[in-house]
Amino acid sequence: MGTEAMSWAPAELDLSRPNAARMYDYFLGGSHNFAADRQAADAVLAVAPHVADAARANREFLRRSVRYALQQGIRQFIDLGSGIPTVGNVHDIAHSVNADARVLYVDVEPVAVAHARALLGVDPRVDVIQADICFPDSIFNNPATQRLIDLGRPVAILFVSVLHFIPGDVNAIVEPFRAAASPGSALVISHATSGAATSQTEEVQRLYQRTPTPLQLRTAAEVETLFGHFHMVPASSTATSPTSGAPLVPVAEWRPEPDDQVETRQSVASPFLNAFLAGMGRKGVADHG
Ligand SMILES: C[S@@+](CC[C@H](N)C(=O)[O-])C[C@H]1O[C@@H](n2cnc3c(N)ncnc32)[C@H](O)[C@@H]1O
């Protein structure tokens, strides 16, 4: 494979190895990916074409969850595993509703961080740090976090499509964020689960083994425990009580909106969309609608 020197690519990149962040960028139609990423992503799409819909549906869930948090008066966002900036980044969504909203992006992948830095320029309301979320203290102690985020006020903590790239006990990662968040804060998680485990899923997992972050599917029950004692926000805006309906639903079915591209009915037809679950919990607040 020839080298693909790109002005936006940090020098230390291993271009020969596919990377989940850049494969996701490719699924979403982005251009911050290399031949190895595209080949791996095309191999995934060949066995599981719905993975591209799942990526889009996840991105739409992110948008709806950020809007919902803003409607609840939350003005600060920590986006963990934020990815390569694309259409509908958290600060774009947040600032379209509240120009004062603050957003901290965190990712371990150099292209994601370099591109975010270039895109953001100098904006006192937004920052990006390169950090591994497996070490929450490195995020809390980072000067950018301390400048931007006031943990004494409600914050939305976003673990959107990231925890399934991390092996082992991910509650040890989420718990410090739950503990540090003040009442009114929101915890947002989307996670690929093992609900639809088929030979297709196994093949997708095998393809991700080539990346530095193989896929770690968990059960819906395991993902639910990550919300701890947070109150689950009803996934349907028509639910009548906080306990009605399942706490986690497929990403396309969490409070769908008319401007969604991936529709709920597509979700029913796709094992990948069906097993890609999402939810939001609030600390000390039971949202009823
Ligand atoms: C599929 S992308 C999701 C991007 C975005 N959150 C979204 O849902 O659109 C997963 C991101 O998680 C990042 N990631 C994976 N493991 C990580 C870790 N241990 N610490 C920080 N970021 C991580 C990857 O680099 C990638 O950018």
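All values below come from the heavy atoms of this structure, side chains included, with hydrogens, waters and symmetry mates left out. Remember, it's 1-based here, ligands and their atoms both numbered in the order they're listed.
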Query - Enumerated ligand 1 atoms positioned under 4.0 Å from heavy atoms of Ala131 - result: 20 (N), 21 (C)
Report task. Evaluate the criterion ring pair (Phe, Tyr, Trp, His ring centres under 6.0 Å) for residue pair Phe77 and Tyr105; output intermediate values, then yes/no. Result -> CA-CA 8 Å; Phe77 297 82; Tyr105 291 112; 9.9 Å; no
Query raised in the report: Just checking, any donor-acceptor pair under 3.5 angstrom between side chains of Arg125 and Asn98?
Result: no
Requested in this report: Using a strict cut-off of less than 4.0 Å between a Lys/Arg side-chain nitrogen and an Asp/Glu carboxylate oxygen, indicate whether Asp259 and Arg67 qualify as a salt bridge.
Outcome: yes
Query raised in the report: Mind checking whether Tyr24 has an N or O less than 3.5 Å away from an N or O of ligand 1?
Result: yes
Query - Carboxylate-amine/guanidinium contact Asp14 Arg17, below 4.0 Å - result: no
Query - Short N or O distance, Ile133 and ligand 1, threshold 3.5 Å exclusive - result: yes
Query raised in the report: Can you find an N/O atom of Val160 closer than 3.5 Å to an N/O atom of ligand 1?
Result: yes
**Report entry** Heteroatom distance test (Ser161, ligand 1): nitrogen or oxygen, under 3.5 angstrom
**Finding:** no
Report task. Give the numbers and elements of all ligand 1 atoms closer than 4.0 Å to a heavy atom of Ile166. Result -> 19 (N)
Report task. Apply the side chain to side chain contact (heavy atoms under 4.5 Å, CB included) test between Val170 and each candidate in His164, Glu222, Arg218; give the one that qualifies. Result -> Arg218
Query - Numbering as shown, the atoms of ligand 1 that approach Asp132 to under 4.0 Å (heavy-atom distance) - result: 18 (C), 19 (N), 20 (N)
Report task. List every atom of ligand 1 that sits less than 4.0 Å from any heavy atom of Val162, numbering the atoms from 1 in the order shown and giving each element. Result -> 12 (O), 14 (N), 15 (C), 23 (C)
Query raised in the report: Near Phe165, which atoms of ligand 1 are under 4.0 Å from a heavy atom of that residue?
Result: 1 (C), 10 (C)
Query - Residue Arg59 vicinity, atoms of ligand 1 by number, heavy atom under 4.0 Å - result: 5 (C), 7 (C), 9 (O)
Query raised in the report: By number and element, which atoms of ligand 1 are closer than 4.0 Å to a non-hydrogen atom of Gly83?
Result: 4 (C), 27 (O)
